[in-house]
Each structure stands twice: as C-alpha cells, then as structure tokens.
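Working notes, beginning with the structure itself.
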Amino acid sequence: ALAACGTSPSASPSPAATQDNGLGSASLTGAGSTFVDPLFEEAFYQYGVKYSSVSVNYQPVGSGAGITQFEAGTVDFGATDVPMTETDIAAHGGDASLVEIPDTLGVASIAYNEPSLPKFQIDGPTLAKIYLGTVKTWNDPAIAALNPGVTLPSDTIAVQHRSDSSGTTYAFTDYLAKVSADWKSGPGVSKAPAWPAGVGTGDTGNAGVGQAIKNTPGSIGYVELAYIVPNHLQQAWVMNANGKFVQGSQAGAAAAAAQATNVNPTTNFSITNEPGDASYPITTFSWVVVRTTQSDSGKGLALVSLIHWLVTDGQTYADSLQYAPLPAAVQTLALNDLKTVKDSTGKVLLPS
C-alpha cells in the first residue's frame, strides 16, 4: 500500500510516559478524513507515549463515513475536511449539540505519472476539462499552451479520483467550481460528486488514489501532500489566482490561509483559490467534530485534553508531515470552541 508520512510512529518518541496529570483517562475512538491521517497517526502515538492513560483508535475511512459514524454515536469524534452543514447539524440536534474544531492545514496536490515530463504546468479551467472528459490527451492544445517549448506525449490521460465520500474531493471540486463555469453548473461541489460518465477511475482514500497514480502510466489525480512526498510522486505546478504556477507546499498552504479572515466552519471555511503570488489554490483546513455535552466526564476530559494538545503542542509534528501549523487566529478559534464542551452537569471540561 502507498505509504504516508506518519503512518509508522516516529523512532524518537517523546520523553517517558506520565500518568494522566489531571487530563483524563480513556480509550478514545475516532473516524473520518484520510487527508489528516498521517498527522493523527504520529500525534496520537506521541500523546499516548506522553500520557499512557489515554489511547486513541482512529480509522481513516473518509470524511463522509467519519461523520456518518459520529452521527450514529459509534465514535467519540469525527474528522472531516469539510465541516458539517447547518442542515446536518440541525438533524443532529442543533448548534448546541456539537462543535467543529480546526486541527490542521494542508493541500491537495495534483499528482501525475509521466516520466517524460519532469515539469508539468496546469491551470484550473484545463484541469476541470480533464475531469469533464473534454481534454483527453497529454498533448491537447490547452495543455500545450500552458507548457511552451515542452514536447508532450500523445498518451491518453488516465484520470484518477476518489470513490468514497471525501473532504479532499470537496476541496478539489470547490476549487474547480470557482475557476470553471462548466464544472460549477455540472458536477458541482461535493464530497461525492457524480463524476462524468466514462471519465476516471475511483479509488478509496488518498492512499488509494496515490497508489493508482503510481501504478498507472499517463495518470493524473488529486492527493494530499503527505502522500506525495514520501512516495516520490510527480507533482504538477498549478496556476493560482494571481496567475503564478505553484506546487503544493506548506508555505503555499500558509500563504492561502493568511488571505482568509474570520474562518467559520458553517459559513466561510473554504480557502481554495485565494489570492497571493505564493498561495496554493487547493488548500483546506481539517476539522475534528465532538459533542458539546459529554455524558462520561472522564472520557470527555480525556477527549478535550487530547484535542487541546493537538491544536497547540501537537502542531509541532505538522511540518515534518507536510502540513502547515494552524494560523494564530484559527488556533484561538479552536481553543475557544473547546471551552463549549461540558460534562452532563454543565461544567467546562477544558482544564484551565
């Protein structure tokens, strides 16, 4: 299987384990985003080394499936790259029933497999045409215009996409809808769009799409950066809103996030196609979803303590795993949101 940074715990863990130090004791379960899984794997391992009273079992099943499991009450937290809609929240019990906390920042890179093209440039409208099935070969005139002086192969483009309900797909289609009227009026923005008939092959998870690209000459697809770097996948240069060609990177994610103000999970969470010369256009936050009332106060304390650590000290693991740390304002949002999580008596669970 395609490896991702962080899926094997670090060989140099944190110092010797301590007891809970008033931070709770529990076995926690979560499910959702594959986009954030490399970070969760490493961070949760390190937290367990530091606080042996807490263990975390996280299943990277995709954002859509993770939210389904959260709504069904089978996991303690869900993880998604697209927050729940107001309709979803209302069905779950209303605004006071849950809180969505930003946990990291990353990019969906455009990976491809054409060894004859050590550098490949693409823009959003042409990328949309590839996924709509109107640009079918690597030497199509639309691609040639973006790669002057480059000898392009005549191979058919093998399109790869997610088959599961995916927050990474949401970010990708959100971007396409902003740059292509045909995409916006066609498949549109979705975690699980109706891909045009006959266009592309579906695979499960970021790892599945990455593996398909690695194994398929002439292929192209969208994959979270943490799966690109360790597997040496080719990465395209994508034209951003300022007309600059940029590759997916932590710096590009940070530049895009810096353009966004007043980030809110239910109103303006999208940060795709942000302006700025350095901004990478397919950038997204990821979110962890928890219930605001925790019936088991011990488990609730362990959960909020874990998330508090994840959005503060745990951000130190982001850089080596190809994520960008949360911007200061978004980190403050996360910490304030954690204060809304209480036990059944109404006591705030976050340690002061």
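One is the number of the first residue; the rest follow in order along the sequence. Just so you know, these numbers come straight off a predicted model, no measurement behind them.
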> In Å and rounded to the nearest 0.5 Å, what is the CD to CD distance from Gln247 to Gln234?
Replying inline: 10.5 Å

>> Distance check, rounded to the nearest 0.5 Å: Thr168 atom OG1 versus His161 atom NE2?
In response: 14.0 Å

> Charged N to carboxylate O under 4.0 angstrom, Asp140 versus Lys136?
Replying inline: no

> Phe35 versus Asn206: any side-chain heavy-atom pair under 4.5 Å?
Replying inline: yes

>> Classify the ring geometry of Trp195 against Phe172: parallel below 30°, tilted from 30° to 60°, perpendicular beyond 60°.
In response: tilted

> Is a side-chain donor-acceptor pair under 3.5 Å present for Ser270 with Asp174?
Replying inline: yes

>> Testing the basics here: between Arg291 and Asp76, what is the closest heavy-atom pair and its distance to 0.1 Å?
In response: NH1-O, 3.7 Å

> Would you say the side chains of Ser163 and Asp203 form a donor-acceptor pair under 3.5 Å?
Replying inline: no

>> Do Thr292 and Thr340 pair up side chain to side chain, a donor and an acceptor below 3.5 Å, judged on atom types alone?
In response: no

> Which heavy-atom pair separates Ala31 from Gln69 by the least distance, and what is that distance?
Replying inline: CB-OE1, 3.6 Å

>> Measuring only between side-chain heavy atoms, which start at C-beta, is Thr169 closer than 4.5 Å to Ser190?
In response: no

>> Parallel, tilted or perpendicular, judged at 30° and 60°: which one describes the rings of Phe77 and Phe44?
In response: perpendicular

> Are Ile143 and Ile157 close enough that some pair of their side-chain heavy atoms sits under 4.5 Å apart?
Replying inline: yes

> Between Gln235 and Ser109, is any side-chain donor less than 3.5 angstrom from a side-chain acceptor?
Replying inline: yes

>> We want to know whether Asp296 and Gln294 form a side-chain donor-acceptor pair, criterion being a heavy-atom distance below 3.5 angstrom.
In response: no

> Taking atom types as modelled, is there a side-chain donor on Asn113 or Ser219 under 3.5 Å from an acceptor on the other?
Replying inline: no

> Are a donor atom and an acceptor atom from the side chains of Thr345 and Asp343 found within less than 3.5 Å of each other?
Replying inline: yes

> Going through the distances and angles, do Asp182 and Ser180 end up as a side-chain hydrogen bond (donor to acceptor under 3.5 Å, both in side chains)?
Replying inline: CA-CA 5 Å; Asp182 288 340; Ser180 167; 5.2 Å; no

> Would you say the side chain of Asp37 lies within less than 4.5 Å of the side chain of Tyr58, judging by non-hydrogen atoms?
Replying inline: yes

> Parallel, tilted or perpendicular: which fits the ring planes of Trp309 and Tyr317, with parallel below 30° and perpendicular above 60°?
Replying inline: tilted

>> Does the plane of the ring in Trp287 sit parallel, tilted or perpendicular to the ring in Phe285? Use 30° and 60° as the thresholds.
In response: perpendicular

>> Ignoring hydrogens and geometry beyond distance, is a side-chain donor-acceptor pair present between Thr283 and Tyr175 at under 3.5 Å?
In response: no

> Does the side chain of Ile307 come within less than 4.5 Å of Ile101's, by heavy atoms?
Replying inline: yes

> Taking atom types as modelled and ignoring hydrogens, do the side chains of Asp164 and Ser166 form a donor-acceptor contact shorter than 3.5 angstrom?
Replying inline: no

> When you look at NZ of Lys191, are more than 12 heavy atoms from neighbouring residues, nucleotides or ligands closer to it than 6.0 Å?
Replying inline: yes

> Going by heavy atoms in the side chains, are Met239 and Gln121 under 4.5 Å from each other?
Replying inline: no

>> Would you say Thr293 and Lys342 are linked by a side-chain donor-acceptor pair, where the criterion is simply a distance under 3.5 Å?
In response: no

> Between Ser63 and Gly167, is there a donor-acceptor pair closer than 3.5 Å when you use the side chain of the first and the backbone of the second?
Replying inline: yes

> Are any non-hydrogen side-chain atoms of Val341 and Val99 less than 4.5 angstrom apart?
Replying inline: yes

